[in-house]
Chemist: 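Below you will find the structure I want to go over with you.
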Amino acid sequence: MSRFNPKASRSKRPCPIWVDAFQRDTQHLEADEVGAYFLILMAMWTRESCDFPDDDSRLARVSRVSVRLWKSRIGPALRPFFQVANATLISKRLREEARYVERQVTQQHDRKTGENLANSLENNDPTLTADISGDEPRHHPSQQPNSSGGGGGSAGDPTGDQRPVVKAEIQSFRERLLVACGADPETGLTGPNGTVLGVKADMEAAAAWQADLGLTEDQILAVIEDAMSRKRDGPPSRLSYFDRPMQREAGRKNKPKLTPIEGGYDVQPTRPGREAAASDALRNALDVAGRMRRPSSKDCF
């Protein structure tokens with residue numbers, strides 16, 4: 001009998017999508033960018049490793065766009081949603097969902113095979129099995145919404161009251177940027193009458209800080225927090241406000257290292273012919289002064 005593989009079983013289960021969080025995180029994307037993002041998440045979910053190779057050709061193919069379009073627009077817009085490790089793209093939130101589902105399928109497998117002694121066939125509670133009829137109340141976590149009474153769940157929470165609420169946790173780079181700027185992480189609003197941060201132009205600016213200046217997410221957030229600590233008039237209207245601080249941080253990061261002075265003495269190098277040039281200049285000045293006034297024969301009488 002082959003050993004149970006929860007990752008393979010999970011990859012065949014429905015992928016839980018929190019609709020409100022998905023819409024909130026993608027409201028700044030174009031329609032084709034939203035579609036590409038969703039297709040990449042689905043491709044990750046069907047892999048046991050729950051990731052996807054960081055290869056432009058394969059990413060363009062699974063997103064169903066051309067490589068040129070992926071490299072020019074869609075890829076830069078979507079990369080802030082992922083982390084890169086060992087040449088693969090990873091979605092932190094999707095992996096958390098995958099681990100949860102894997103725990104659930106493992107528990108269901110243990111109940112069915114009798115490996116869980118608490119649910120042995122001799123003392124089994126039918127309300128705790130995975131094969132109860134649809135007319136009976138469901139008391140165990142499921143990938144379907146628990147909309148029946150007494151479950152404590154909602155249509156947005158696929159597991160009722162038995163699952164910890166992680167909805168409010170800040171997961172994406174965009175949300176962390178908004179919090180650092182003092183904006184609402186869900187709506188991007190900077191105040192009751194403020195502007196909206198986190199739109200497409202803002203995320204393109206953040207992508208440029210990474211691609212052009214070589215800054216990491218943590219370095220970018222540190223620069224924003226430092227700038228906001230000195231800003232007295234509230235959040236900026238656009239993330240491009242931080243372009244200059246990001247450039248200074250990149251310059252400081254790439255500043256050449258100090259090197260030791262040979263011998264410990266700071267000797268100024270002499271320019272070749274410097275003394276000779278000074279001597280010639282002085283001699284020319286004396287010659288000019290001598291020619292300016294020479295006594296003539298008339299001045300002698």
Side-chain angles (χ1 to χ4, degrees), residues 17-18 20-45 50-56 58-60 62-63 65 67 69-97 169-190 195-225 227-228 235-236 238-243 245-247 249-250 253:
I17 296 294
W18 295 71
D20 58 340
F22 186 85
Q23 289 182 331
R24 181 186 67 228
D25 293 344
T26 59
Q27 62 183 349
H28 63 288
L29 299 178
E30 300 291 345
D32 55 353
E33 294 168 350
V34 174
Y37 179 41
F38 192 83
L39 289 170
I40 292 174
L41 291 178
M42 297 302 97
M44 289 179 169
W45 185 261
C50 199
D51 55 19
F52 199 83
D54 186 13
D55 178 80
D56 288 331
R58 297 185 64 178
L59 288 166
V62 76
S63 301
V65 298
V67 176
L69 181 58
W70 169 265
K71 290 183 177 180
S72 63
R73 178 169 60 85
I74 294 183
L78 298 185
R79 285 190 177 276
F81 290 97
F82 302 107
Q83 298 175 344
V84 180
N86 299 324
T88 59
L89 291 184
I90 298 170
S91 172
K92 180 180 177 182
R93 177 62 183 273
L94 190 67
R95 280 200 165 180
E96 290 177 355
E97 299 292 341
E169 294 182 1
I170 297 174
Q171 300 290 342
S172 67
F173 180 42
R174 176 178 177 272
E175 288 178 312
R176 296 167 66 196
L177 281 174
L178 294 177
V179 171
C181 293
D184 187 278
E186 295 187 2
T187 63
L189 288 174
T190 58
T195 57
V196 177
L197 283 177
V199 297
K200 183 177 180 180
D202 294 329
M203 300 313 298
E204 289 176 349
W209 298 336
Q210 294 176 294
D212 299 341
L213 301 180
L215 299 178
T216 64
E217 292 184 3
D218 291 338
Q219 290 171 337
I220 290 173
L221 294 171
V223 171
I224 292 177
E225 291 171 356
M228 290 303 300
R238 287 289 175 266
L239 288 186
S240 56
Y241 170 86
F242 300 105
D243 281 350
M246 295 298 171
Q247 290 174 318
E249 173 65 16
K253 176 184 174 184

Chemist: To check you understand the geometry: which heavy-atom pair defines the closest contact between R174 and R24, and what is its length?
Modeler: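 What the structure gives for the nearest pair is NH1-O, 3.4 Å.
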Chemist: Check whether any side-chain heavy atom of F82 sits under 4.5 Å from a side-chain heavy atom of I40, and report yes or no.
Modeler: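 Answer yes - side chains close enough.
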Chemist: What distance separates L213 CG from K253 NZ, expressed to the nearest 0.5 Å?
Modeler: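 If we round to the nearest 0.5 Å, L213:CG and K253:NZ are 9.0 Å apart.
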Chemist: Could you go through the side chain to side chain contact (heavy atoms under 4.5 Å, CB included) check for L89 and R79 one step at a time?
Modeler: CA-CA 9 Å; L89 291 184; R79 285 190 177 276; 3.7 Å; yes
Chemist: Roughly how far apart are M42 CE and W45 CH2, rounded to 0.5 Å?
Modeler: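 Result: 8.0 Å between the selected atoms.
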Chemist: Just so I know, are the side chains of F52 and V62 near enough to count as touching, which here means a heavy-atom distance under 4.5 Å?
Modeler: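 Side-chain contact under 4.5 Å: yes.
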Chemist: Would you please test D32 and R73 for salt bridge (charged side-chain N to carboxylate O under 4.0 Å, His left out) and show each step?
Modeler: CA-CA 10 Å; D32 55 353; R73 178 169 60 85; 2.5 Å; yes
Chemist: Can you give me the closest heavy-atom contact between E225 and A180, atom names plus distance?
Modeler: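 For E225 versus A180, the nearest heavy atoms are CG-CB, 4.0 Å.
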Chemist: Does F22, at its CZ atom, have more than 12 non-hydrogen atoms belonging to other residues, nucleotides or ligands within less than 6.0 Å?
Modeler: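 Yes, because the 6.0 Å sphere around CZ of F22 holds more than 12 heavy atoms from other groups.
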Chemist: Between D25 and R93, does any NZ, NE, NH1 or NH2 come within less than 4.0 Å of an OD or OE carboxylate oxygen?
Modeler: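 Salt bridge: no.
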Chemist: Where do G198 and L178 come nearest, in terms of heavy atoms and distance?
Modeler: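 Answer, listing the atom of G198 first, then L178: N-CD2, 3.8 Å.
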Chemist: Is there a donor-acceptor pair closer than 3.5 Å between any side-chain N or O of T26 and the backbone N or O of L29?
Modeler: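 Looks like no, no N/O pair under 3.5 Å.
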Chemist: Does D56 reach the side chain of K71, with side-chain heavy atoms less than 4.5 Å apart?
Modeler: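 Yes, their side chains come closer than 4.5 Å.
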Chemist: Please report the interatomic distance CG(L59) to CG(L78), rounded to the nearest 0.5 Å.
Modeler: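 If I round to the nearest 0.5 Å, the distance is 9.0 Å.
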Chemist: Enter the distance from D54:CG to D51:CG here, rounded to the nearest 0.5 Å.
Modeler: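 CG of D51 is found 10.5 Å from CG of D54.
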Chemist: Please find the pair of heavy atoms, one from V196 and one from V199, that lie closest to each other, and give the distance.
Modeler: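 Heavy-atom minimum between the residues: O-CG1, 3.9 Å.
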Chemist: Would you give the length of the straight line joining atom SG of C181 to atom CZ of F242, rounded to the nearest 0.5 angstrom?
Modeler: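 Answer rounded to 0.5 Å: 4.0 Å.
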Chemist: Regarding R176 and D218, does a basic nitrogen lie under 4.0 Å from an acidic carboxylate oxygen?
Modeler: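 Result for this pair is yes, salt bridge flagged.
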Chemist: Only one of F38, Y37, F173 clears ring pair (Phe, Tyr, Trp, His ring centres under 6.0 Å) with F81; which?
Modeler: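 Exactly one pass, corresponding to Y37.
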Chemist: Taking C-beta and beyond as the side chain, do S91 and Q83 meet within less than 4.5 Å on heavy atoms?
Modeler: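 The answer is no; the side chains never approach within 4.5 Å.
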Chemist: Within the structure provided, determine whether Q27 and K200 are in side-chain contact (heavy-atom separation under 4.5 Å).
Modeler: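 Side chain of Q27 against side chain of K200, heavy atoms only: no contact under 4.5 Å found.
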Chemist: Taking all heavy atoms of C50 and all of R95, pick out the closest pair and write down the distance.
Modeler: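 Taking C50 first and R95 second, the nearest heavy atoms are O-NE, 3.5 Å.
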Chemist: Is the closest side-chain donor-acceptor distance between Q219 and W209 under 3.5 Å?
Modeler: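 Note: Q219 and W209 side chains miss the donor-acceptor criterion.
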Chemist: Would you say the side-chain atoms of D202 pair up with the backbone N or O of L239, donor to acceptor, closer than 3.5 Å?
Modeler: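 Side chain of D202 to backbone of L239: a pair is present.
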Chemist: What closest approach, in Å, do P235 and G182 show between heavy atoms, and which atom pair accounts for it?
Modeler: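 P235 and G182 have their closest heavy atoms at CG-O, 3.9 Å.
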Chemist: So, E249 side chain and M246 main chain: donor-acceptor pair closer than 3.5 Å or not?
Modeler: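 No; judged by distance alone, with no hydrogens or angles, the pair does not exist.
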Chemist: Find the distance between CG (L215) and CD (Q247) and round it off to the nearest 0.5 Å.
Modeler: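 Reported to 0.5 Å precision, the distance equals 10.0 Å.
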